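Below is one structure, written out as structure tokens; the observations come after it.
Keep in mind that this is a model prediction, so the values were computed, not measured.
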Amino acid sequence: MNFDFKKEELSSLKCAYTSAAELSVDFEPSLPDYCSDIKRILKCSVFPFVNSLRRTGETVTASGEILIRLVYVNSDEKIDCFEQKTELSKSCELKDLPEDAVVICDCDTEYINCRAASQRRFSVNGNVSVIFKAYCFEKIKIVSQIEQSGAQTLREKADVVNMTAVGEKCFDMSETASVPQDKEPIGKIIRSDSFASIESAKAVSGKLLVKGDFVCEIVYCADSSDGKIETFRHSMPISQIIEIPDITEETECSVNLSVRSLSLQPRSDSSGSNRLLEIAGKICAFVKGTQETSVDIVTDCYSTCCTLKGEYSFVEFNKKVYTFDVDETLKRTAELSGQSVKSIIDARSVKSSCSVSANGEKLELHESILVGIIFEDADGNIQYAEKNLDFSIDSKLHEKVQKIICEPCLTVEKAEASALGGDKIQFSFSVKGKFDVFSAEQKRVCMTASQNENEKNADDAALIIYYSKKGEKLWDIAKRYGSTLKAISEENELSGEALTEDKMLMIPCV
């Protein structure tokens, strides 16, 4: 007896490995002669950067640097700054990973403690996490049709998103920017922030053309007698071709750009003033390619000719339900308890995180921003404070979802603050990001089936009388008596999948 399967292949991207390796930060540097004495520490920041990843066998090594920046008030009651760099190196064992697995690495500062040991020396201790992740494809084949005389299948169509491509490319960008004439020359940089935003991603065969912007913003003490605080922002265009196998014109690509390292160096121009800034950064593009399709799946099967045993498994089907395309200005008025704010010197997003949750037919995007501000209090003293602010954005869906899968990513491109009097501050954040949200639904599907021709279905009766109950499914009845859904429906002049009332049925044997 001929017996054949038609199968559909489902492909998903799984994070096969994730590990956070800790690096301790423990320094006690002395200030160089060109730095003034420490009177009061405002903020000590630690910025870990990964410049390269090297994979040797099962070992992956991340190399980079850690930048320590101390911002403090000096003996003249002015803002001053000191920077020091140290090497970063951390290895991780990734066992049993396929050769085509994509390994990425990121860093995060867990905590930092800082204190002034003297007017010329300070100590820093804390922890930095080096986070390794490995992505690989998981492919399974499910039965979509059984071709055999007498084989009966219960089938349904399922919308699914197949993961078809993944890759990462890091590239260097550098440029020398000129400080506008209406701003003072650069003295010491007290803050630097950078981000990469994507404008478009066009897929062709095996390649992806990515366009966007690499933006760097610095806040610095002017190289002048009054040490005025200035802000300077510079943007460079990104235009990169990323080679990724399996990408086609039909592939829908999701691209996440991140700044892996940043180097800034003030330089003098022809007049001898520090009006030039050398900017060098390493940008990484992490690309995921998907294709939406509709597949037939067999959820149950039997045969009218022999015993047919199906093997079933619960498989997760992912379907895109929404795309968050956020370009908003978030505003919030907050209080600094017990601190009177006269004026704001600088505001920045220290850290931000976002998450998405499903509530019936509604998606809720939650954004948390830790903002740090340098300000002048009512007594004229320069102070530093941090405030955590939460925001939410809601979106309606066309269907109810139980479980969602997404990797939300929003970039705080600009942070501003203004004093409202007393301890009240008005905050404003320019937030941008685009990412997909998928629903995840488990379905019981047939993976394969086997038959036993020696075991025949009972066929000693031409017709069976069956007293059915309201709500019973015709498929279940047909399977129980070795008949077919079509034969029962035609014999009893029925339509639909389930009975709407108690009824006596004539079950023809086939």
Side-chain angles (χ1 to χ4, degrees), residues 27 29-38 42-52 63-74 76 78-88 120 170-197 212-240 257-284 345-348 374 413-415:
F27 299 100
S30 297
L31 297 181
D33 294 338
Y34 58 80
C35 286
S36 54
D37 290 348
I38 300 172
L42 293 176
K43 176 68 173 176
C44 181
S45 301
V46 172
F47 304 98
F49 297 111
V50 172
N51 294 325
S52 65
S63 301
E65 62 185 17
I66 297 175
L67 170 65
I68 301 170
R69 177 179 291 142
L70 179 74
V71 179
Y72 64 95
V73 176
N74 62 27
D76 296 327
K78 293 182 178 179
I79 297 177
D80 209 334
C81 183
F82 168 72
E83 289 185 354
Q84 179 167 313
K85 292 181 180 179
T86 185
E87 288 186 356
L88 180 152
R120 305 296 304 170
C170 295
F171 50 91
D172 296 316
M173 296 192 66
S174 62
E175 196 166 280
T176 299
S178 299
V179 175
Q181 290 299 316
D182 62 345
K183 293 185 180 294
E184 299 284 348
I186 301 173
K188 292 181 179 178
I189 297 173
I190 64 173
R191 172 171 71 80
S192 61
D193 283 309
S194 61
F195 63 88
S197 62
D213 292 291
F214 170 41
V215 180
C216 177
E217 182 180 82
I218 66 168
V219 176
Y220 63 92
C221 299
D223 187 14
S224 59
S225 57
D226 60 357
K228 181 182 178 183
I229 303 297
E230 296 274 27
T231 301
F232 172 52
R233 175 175 281 221
H234 183 72
S235 177
M236 313 180 206
I238 296 173
S239 182
Q240 288 287 322
L257 297 179
S258 60
V259 180
R260 288 290 175 83
S261 67
L262 178 67
S263 177
L264 305 170
Q265 186 63 53
R267 298 293 185 192
S268 58
D269 60 6
S270 57
S271 68
S273 299
N274 284 348
R275 305 196 66 84
L276 301 177
L277 181 66
E278 290 185 358
I279 305 172
K282 182 179 287 291
I283 317 297
C284 276
I345 298 172
D346 180 48
R348 69 179 292 256
I374 300 175
E413 296 193 348
K414 195 171 185 180

Next on the checklist: Donor-acceptor pair, distance only, cut-off 3.5 Å: does the side chain of Arg260 make one with the backbone of Ser52?
Outcome noted: no
Just so I know, are the side chains of [X] and [Y] near enough to count as touching, which here means a heavy-atom distance under 4.5 Å?
| X | Y | result |
| --- | --- | --- |
| His234 | Ile279 | yes |
| Leu262 | Ser192 | yes |
| Pro185 | Val179 | no |
| Ile190 | Leu42 | no |

Next on the checklist: Between Ser174 and Glu278, does the side chain to side chain contact (heavy atoms under 4.5 Å, CB included) criterion hold? Intermediate values first, please.
Outcome noted: CA-CA 7 Å; Ser174 62; Glu278 290 185 358; over 6 Å; no
Checklist entry - If you draw a 6.0 Å radius around CG in Asp226, do more than 12 non-hydrogen atoms from other residues or ligands fall strictly inside? => result yes
Item to check | Heavy atoms of other groups near Lys183 NZ, more than 12 under 6.0 Å | outcome: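 Check passes, neighbour count above 12.
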Next on the checklist: For Asp193, is there an ion pair with Arg191 - N to carboxylate O distance below 4.0 angstrom?
Outcome noted: yes
Next on the checklist: Regarding Lys85 and Glu65, does a basic nitrogen lie under 4.0 Å from an acidic carboxylate oxygen?
Outcome noted: yes
Item to check | Partners passing salt bridge (charged side-chain N to carboxylate O under 4.0 Å, His left out) against Asp37 (at least two apart in sequence or in another chain) | outcome: Arg120
Next on the checklist: For the NZ atom of Lys188 and the CG atom of Asp223, what is their distance to the nearest 0.5 Å?
Outcome noted: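 Answer for the NZ-CG pair, Lys188 versus Asp223, is 10.5 Å.
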Item to check | Reported CG-to-OG distance for the pair Asp76 and Ser36, which is rounded to 0.5 angstrom | outcome: 6.5 Å
Checklist entry - Does the side chain to side chain contact (heavy atoms under 4.5 Å, CB included) test come out yes or no for Val219 and Ile374, once each step is laid out? => result CA-CA 11 Å; Val219 176; Ile374 300 175; over 6 Å; no
